[in-house]
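One structure is given here, and the rest of the page talks about it.
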Amino acid sequence: MSETQVTAAARKAGTSWLGDTAHVLLRQIARGDRPPGHQLPRPADLAQELGVSEIVLRNALDALTALRVLKRSKALRLTVAPDKDWSITLPVPRGKAMPIARRLREAVRAGVYDASGEVPTARVLASRYAATAAEAQAALRELAAEGLITLPPNRSPQVRREEDRTPPSTGEPS
């Protein structure tokens, strides 16, 4: 299933209700960073990796489980389901989202924003690049999925410290 195939339900309802953390995980999965059969780290470890609270992470995991993107084993561990089982597909960021993400990615890597420092909010990015807030938010989600920034609830996006920018886990049991 390609990212460009958006189901009628996803088109009708949209996916904004999922929240940033679920979007970040969904983008990582869709990109293949967490392939089918990949076992997710324990919630506490995954929450730390993504820079969110465990409550926020558990809500995202519950949403993705309900959409059959994740499946729970008998041992209550979560693994990525094959995309043919999903009841949703990930819409491709449109409009100015990808150019904003590219510019912000370059700025983060060039050190324009200090490690663990604040990144402009979606509202600021939208104004700066004459984009919609949704396009700017999609750009931030893309960078969070790449592990460059975190999207803490009720706070400005944060640059991840270099040592915290670890690739997604390999799925080996911990």
Side-chain angles (χ1 to χ4, degrees), residues 1-7 10 15-54 56-73 76-94 97-109 113 115-116 119 122 135-153 157-174:
M1 175 183 310
S2 79
E3 285 188 42
T4 57
Q5 298 171 320
V6 181
T7 62
T15 57
S16 61
W17 61 271
L18 279 176
D20 290 335
T21 304
H23 272 279
V24 166
L25 283 169
L26 193 55
R27 295 290 301 173
Q28 289 177 349
I29 292 166
R31 267 200 333 259
D33 295 343
R34 299 180 191 273
H38 172 89
Q39 187 175 34
L40 295 181
R42 297 189 191 295
D45 297 334
L46 187 55
Q48 184 176 9
E49 177 185 325
L50 297 174
V52 298
S53 71
E54 280 191 61
V56 169
L57 176 73
R58 287 183 189 279
N59 288 336
L61 295 175
D62 289 345
L64 293 176
T65 301
L67 294 169
R68 299 190 311 241
V69 173
L70 300 175
K71 59 184 178 180
R72 208 172 290 279
S73 71
L76 300 179
R77 295 300 302 261
L78 289 170
T79 57
V80 177
D83 60 1
K84 65 180 175 46
D85 295 345
W86 299 1
S87 62
I88 190 172
T89 57
L90 184 62
V92 175
R94 300 181 191 279
M98 295 314 285
I100 292 171
R102 185 180 66 254
R103 289 179 180 155
L104 194 54
R105 183 184 303 110
E106 290 168 358
V108 168
R109 289 184 175 152
Y113 303 106
S116 297
V119 175
E135 289 169 329
Q137 189 64 41
L140 291 171
R141 287 181 182 138
E142 186 64 26
L143 294 182
E146 293 173 15
L148 288 177
I149 66 171
T150 61
L151 297 171
Q158 303 284 311
V159 175
R160 290 182 75 124
R161 294 182 313 209
E162 193 69 40
E163 58 269 17
D164 291 339
R165 292 185 199 165
T166 57
S169 65
T170 61
E172 296 297 316
S174 35

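All residue numbers refer to positions in the sequence shown, counting from 1. Only a predicted model underlies this, so the values are computations on that prediction, with no experimental measurement involved. Note: hydrogens, waters and symmetry copies are ignored here, and every other heavy atom, side chains too, is used.
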Show the nearest heavy-atom pair for residues Gln137 and Leu151, with the distance to one decimal. NE2-CD1, 4.3 Å

Where do Ala101 and Leu143 come nearest, in terms of heavy atoms and distance? O-CD2, 3.7 Å

Separation of Gln158 CD from Leu148 CG (nearest 0.5 Å): 14.0 Å

Can you check whether Leu67's main-chain N or O pairs, donor with acceptor, with Ser87's side chain at less than 3.5 Å? yes

Please report the interatomic distance CG(Leu50) to OG1(Thr21), rounded to the nearest 0.5 Å. 6.5 Å

Any idea which heavy atoms bring Val56 and Pro153 closest together, and the distance? CG2-CG, 3.6 Å

Please list, chain by chain and in numerical order, all residues satisfying salt bridge (charged side-chain N to carboxylate O under 4.0 Å, His left out) with Arg103, sequence neighbours excluded. none

What residues form a side-chain contact (heavy atoms from CB on, under 4.5 Å) with Ala66, not counting sequence neighbours? none

How long is the gap from CZ on Arg109 to CG on Leu104, to the nearest 0.5 Å? 11.0 Å

Do the side chain of Gln39 and the main chain of Thr79 share a donor and acceptor less than 3.5 angstrom apart? no

Under the side-chain hydrogen bond (donor to acceptor under 3.5 Å, both in side chains) rule, collect the residues that match up with Arg68, sequence neighbours excluded. none

Pro36 and Ala81: which non-hydrogen atoms are nearest, and at how many Å? CB-O, 4.1 Å

Could you tell me whether Arg27 and Asp20 have a side-chain N and a carboxylate O separated by less than 4.0 Å? no

Please identify which of these residues, Asn59, Leu70, Leu40, meets the side chain to side chain contact (heavy atoms under 4.5 Å, CB included) condition with Leu64. Leu70

Residues which pass salt bridge (charged side-chain N to carboxylate O under 4.0 Å, His left out) with Arg102, listed by chain and number, not counting sequence neighbours: none

State, to 0.1 Å, how close Val108 and Tyr113 come at their nearest heavy-atom pair, and which atoms those are. CG2-CD1, 4.1 Å

